[in-house]
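Below, read A as the first sequence line, B as the second, and so on, with proteins coming before strands; counting in each chain starts at 1. All of these numbers come straight from a predicted model, not from anything done at the bench.
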Amino acid sequence: MSYQDWFRQDRLPHIYCSGCGNGTVINCTLMAVDEIGWKENETVFVSGIGCSSRASGYIVTDSLHTTHGRALPFATGVKLSNPDLNVVVFTGDGDLAAIGGNHFIHACRRNIDLTVICMNNQIYGMTGGQGSPTTPAGALSTTTPYGSSEPAFDLSELAVAAGANYVARWTSYHVKELTRAIGAGMRTPGLSFIETMTQCPTNYGRRNKLRQVTDQVEFMKNHTALRQKLDRMRESGQKVPADVIAIGEFVRRDRPAMGVRR
Amino acid sequence: MKLVIDQDRCKGCNLCTLVCPYRIFLPGKTLNRKGVVVPDLDRPERCTNCRLQKLYGRTLCGLCVMICPDQAISWEEEEPHEPHKVAIEY
Ligand SMILES: Cc1ncc(C[n+]2csc(CCOP(=O)(O)OP(=O)(O)O)c2C)c(N)n1
Ligand code: SF4
Ligand code: SF4
Ligand code: SF4
Ligand SMILES: [Mg+2]
């Protein structure tokens with residue numbers, strides 16, 4: 001099989017805007033699933049509401065496109081009722097961290113055996129570009145017309161603090177690393193959280209001086225650095241620019257988990 | 001094997017032009033029948049996959065395929081001694 005066999009070819013091309021990073025994240029996820037050798041009838045994709053959450057509808061396996069913010073409770077139900085299923089969750093930054101914020105921390109605390117992939121485009125893409133909990137300070141959106149004045153959530157640090165067994169952050173530019181991280185997450189029992197910074201050219205890039213799709217992807221390429229490198233810079237007293245995002249593996253551990261295959 | 005871009009799927013984002021180490025994808029110049037400016041392929045036979053995919057039995061590099069958000073890039077079987085100019089198919 002190839003990753004293409006996991007797509008519902010009759011549903012393609014998908015509805016995403018030209019250059020939307022969500023398409024890349026689906027590719028990487030399906031490549032990881034294909035590599036790990038899961039079977040179609042033993043795998044379930046669950047998602048909430050948002051552009052990112054439409055991903056589950058393009059995959060041949062059974063999937064649940066649920067309500068806004070509630071992908072994790074639905075996925076918890078699926079996994080606990082049948083721990084033999086492999087459950088993957090697609091979610092957006094608004095879906096996971098705003099309306100679904102409480103579900104997120106408690107799923108991490110319970111450490112349910114899910115693979116949660118968050119396409120963090122730092123905006124509410126589907127509804128027209130409102131600010132989300134991860135919109136960076138100073139960024140323009142329809143609800144922050146003078147630049148966001150709030151600090152943004154660091155979702156990966158939040159997942160580490162809340163107890164997830166595997167946490168990593170990459171971007172839709174780092175396709176190889178992202179695929180490897182998703183695979184590692186799928187192999188780790190307990191909750192695996194993979195955050196991918198993705199471009200939303202339509203509702204984020206366009207308003208934030210990143211007019212071309214490639215501009216926003218180049219920005220992600222140039223404004224990310226390995227977490228360990230940033231730690232070393234801080235230790236040696238160097239200043240880390242505020243707009244640099246830490247990428248890499250955040251944690252891999254063995255806390256007691258729920259819903260693991262017997 | 002030869003590299004092709006599916007004219008029905010490509011949305012012209014140019015992300016493939018960003019990642020190919022050989023710069024095989026170049027930003028296109030003309031609209032296709034769907035109104036999309038699909039990238040041009042510059043001597044696609046240079047791609048490691050066109051040459052070695054069969055030999056190794058797996059996809060090498062593959063960055064363009066992974067990053068293409070619209071699943072538009074793939075390799076196709078080609079006839080023996082097929083001229084390479086017809087790299088984009090309609
Ligand atoms: C209960 C409820 N509240 C609000 C909405 C409207 N709504 C739909 S998608 C969305 C935000 C999606 O943002 P995100 O999860 O970041 O996904 P993206 O589109 O950016 O991928 C909102 C607020 C809804 N569908 N249901
Ligand atoms: S609005 Fe943004 S997130 Fe939604 S499909 Fe378009 S580019 Fe992607
Ligand atoms: S597989 Fe690699 S070398 Fe070949 S066209 Fe794609 S990016 Fe270029
Ligand atoms: S990455 Fe895919 S959709 Fe974008 S221009 Fe290249 S072939 Fe077209
Ligand atoms: Mg979003």
Heavy-atom side-chain contact between [X] and [Y] under 4.5 Å:
X	Y	result
B:Leu15	A:Tyr173	no
A:Gln9	B:Gln71	no
A:Gln212	B:Asn14	no
B:Thr59	A:Met31	no

- Rounded to the nearest 0.5 Å, the CG atom of A:Leu12 sits from the CG atom of B:Asp8 at a distance of 11.5 Å
Taking everything shown except [X] itself, do over 12 heavy atoms lie less than 6.0 Å from its [atom1]?
X	atom1	result
A:Asp62	CG	no
A:Phe153	CZ	no
B:Arg23	CZ	no
A:Arg11	CZ	no

Is chain A contacted by the side chain of [X], its backbone, both, or neither, given a heavy-atom distance below 4.5 Å?
X	value
B:Val19	side chain
B:Cys61	backbone
B:Ile67	both

- Counting heavy-atom pairs under 4.5 Å to chain A, which of B:Pro69, B:Cys10, B:Ser74 comes out on top? B:Pro69
- Message: I'd like to know if the side chain of A:Lys176 reaches the main chain of B:Met66, judged simply by a donor and an acceptor atom lying under 3.5 Å from each other, with no hydrogens or angles considered.
- Response: no
- Is the backbone of B:Cys68 close enough, under 3.5 Å, to the side chain of A:Asn27 for a donor and an acceptor to pair up by distance? yes
- Note on the structure: For A:Pro13 and B:Lys11 the tightest heavy-atom approach is CB-CE, 4.4 Å
- Proximity breakdown for A:Ser2 and chain B, heavy-atom pairs closer than 4.5 Å: neither
